[in-house]
Amino acid sequence: MSSTSTSSYYSECTWLSSFLSKPEFQLLLTTVPLTYFQESLSLYGLEQEIDYFKEALSLILNNQYDCDESETDKVERSATILYAKAHQRYIRTAAALDEVKTAFQNGNYGTCPRNSCQNQHMLPFGASNDPGKSILRCYCPVCGQLYKLYQANADYYIDGCFFGSDLVGIFLATYPEFTRYPKPAAYVPKVYGFELYKNMKGKAK
C-alpha cells in the first residue's frame, strides 16, 4: 500500500489484513487507519446504505461479528463495500491526498498507453461512487482521456467506487502543478519525410 505498510495499522491474520493482501489492493489503495472507522462523521449515512452495517464494522474493527453462520458471506460482502466507501472518503482528506500524490508520482496507477503522452503517470477514476456500477479506470492529465488500468492484467480490474468520480478533480485542484503539462502533438503520417496529409490536401484542390 502507498507509503504506510498494512502491519502498522492492522494485526496479522484478520479478515481485513487478508482482504487487503490482494496484490491490486497492495499497489493501488491508500491505507485507511482504523481510527477513521471509529469516527462517526467519517461513516455518516453509510449505515442506511449498507446491509449488515454494524456487523461489517465489527468485522473490520474487531475481526468478529454476531450473526448466523449462514449470513457470513453477506457480512463479508458488506464489509468489503464499507471499506470501499470509507476509502473513497478517506482519500479526500489532506493526509491521504498526499499519499495519493506519492503513488501518482511513483506510477502506481499506471502510465498512459498513448505514445505521444510519453508514459505520463495517471490518476485513478471511478465513474460511479456506488459499488457494482463501474470498474476502475485511470485518467491521463496530459491527453485528458480515461483508460482501463493495466489492460493486460484482468486481476487489477477493481471496483471504481474505491476511488469515486471526483478524486481526479479534487487532486488536480489541490495540486494544480499537475495540470500544466503541454498537450501532446498529433501524429502526422509522412512518406519519405513529407507530410502525407498536406500532400493529399494539395492534390484535392
Side-chain angles (χ1 to χ4, degrees), residues 1-67 72-106 108-109 123-136 138-139 149 156 158-175:
M1 290 188 189
S2 55
S3 78
T4 307
S5 66
T6 307
S7 59
S8 64
Y9 281 74
Y10 313 124
S11 60
E12 298 294 332
C13 301
T14 63
W15 175 86
L16 186 57
S17 62
S18 177
F19 172 70
L20 294 176
S21 67
K22 298 176 182 179
E24 63 270 32
F25 291 168
Q26 290 266 337
L27 181 65
L28 301 172
L29 299 189
T30 297
T31 303
V32 182
L34 290 180
T35 53
Y36 189 78
F37 289 93
Q38 296 168 334
E39 300 170 2
S40 58
L41 289 178
S42 300
L43 307 180
Y44 180 78
L46 295 184
E47 186 169 2
Q48 289 72 43
E49 292 183 26
I50 301 173
D51 295 332
Y52 300 96
F53 173 85
K54 292 181 179 179
E55 292 82 1
L57 182 59
S58 180
L59 180 58
I60 290 173
L61 290 175
N62 307 313
N63 199 42
Q64 60 184 9
Y65 53 89
D66 183 20
C67 73
T72 297
D73 289 345
K74 294 178 181 178
V75 171
E76 292 187 355
R77 171 170 171 74
S78 292
T80 298
I81 295 173
L82 176 55
Y83 192 91
K85 298 286 279 188
H87 181 272
Q88 179 192 124
R89 294 181 177 190
Y90 177 68
I91 56 176
R92 286 151 177 72
T93 66
L97 277 173
D98 192 57
E99 294 189 48
V100 172
K101 177 184 176 183
T102 299
F104 166 71
Q105 292 177 314
N106 290 339
N108 287 16
Y109 307 122
L123 289 163
F125 172 83
S128 174
N129 292 334
D130 297 319
K133 300 290 183 63
S134 66
I135 62 172
L136 181 65
C138 285
Y139 170 83
L149 179 65
Y156 287 93
I158 71 173
D159 199 302
C161 80
F162 276 91
F163 293 91
S165 59
D166 57 359
L167 175 63
V168 170
I170 292 172
F171 181 89
L172 294 177
T174 305
Y175 304 106

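Quick note: residue numbers are just sequence positions, from 1.
- Residues forming a side-chain hydrogen bond (donor to acceptor under 3.5 Å, both in side chains) with Tyr65 (at least two apart in sequence, or on another chain): Thr72.
- For Thr174, there are no side-chain hydrogen bond (donor to acceptor under 3.5 Å, both in side chains) partners at least two apart in sequence or on another chain.
- In this structure, the side-chain contact (heavy atoms from CB on, under 4.5 Å) partners of Cys161, at least two apart in sequence or on a different chain, are Ala84, Gln88, Pro131, Asp159.
- The side-chain hydrogen bond (donor to acceptor under 3.5 Å, both in side chains) search around Gln64 returns none, not counting sequence neighbours.
- Legend: residues meeting ring pair (Phe, Tyr, Trp, His ring centres under 6.0 Å) with Phe171, ordered by chain and number and at least two apart, are Phe104, Tyr175, Phe178.
- Pairs of residues two or more places apart, or lying in two chains, that qualify as salt bridge (charged side-chain N to carboxylate O under 4.0 Å, His left out) and include a residue from residues 73-86 are Glu49-Lys85, Lys85-Asp130.
- By the side-chain contact (heavy atoms from CB on, under 4.5 Å) test, Ser165 pairs with Phe125, Asn129, sequence neighbours left out.
- Checked against salt bridge (Lys or Arg N to Asp or Glu O under 4.0 Å), Glu47 has no partners two or more places apart in sequence or in another chain.
- In this structure Asp98 satisfies the salt bridge (Lys or Arg N to Asp or Glu O under 4.0 Å) test with no other residue, sequence neighbours excluded.
- Residues satisfying the side-chain hydrogen bond (donor to acceptor under 3.5 Å, both in side chains) criterion with Asn63, sequence neighbours excluded, are absent altogether.
- Residues passing the side-chain contact (heavy atoms from CB on, under 4.5 Å) test with Ser40: none are found, sequence neighbours excluded.
- Residues satisfying the side-chain contact (heavy atoms from CB on, under 4.5 Å) criterion with Ser134, sequence neighbours excluded, are Ala127, Ser128.
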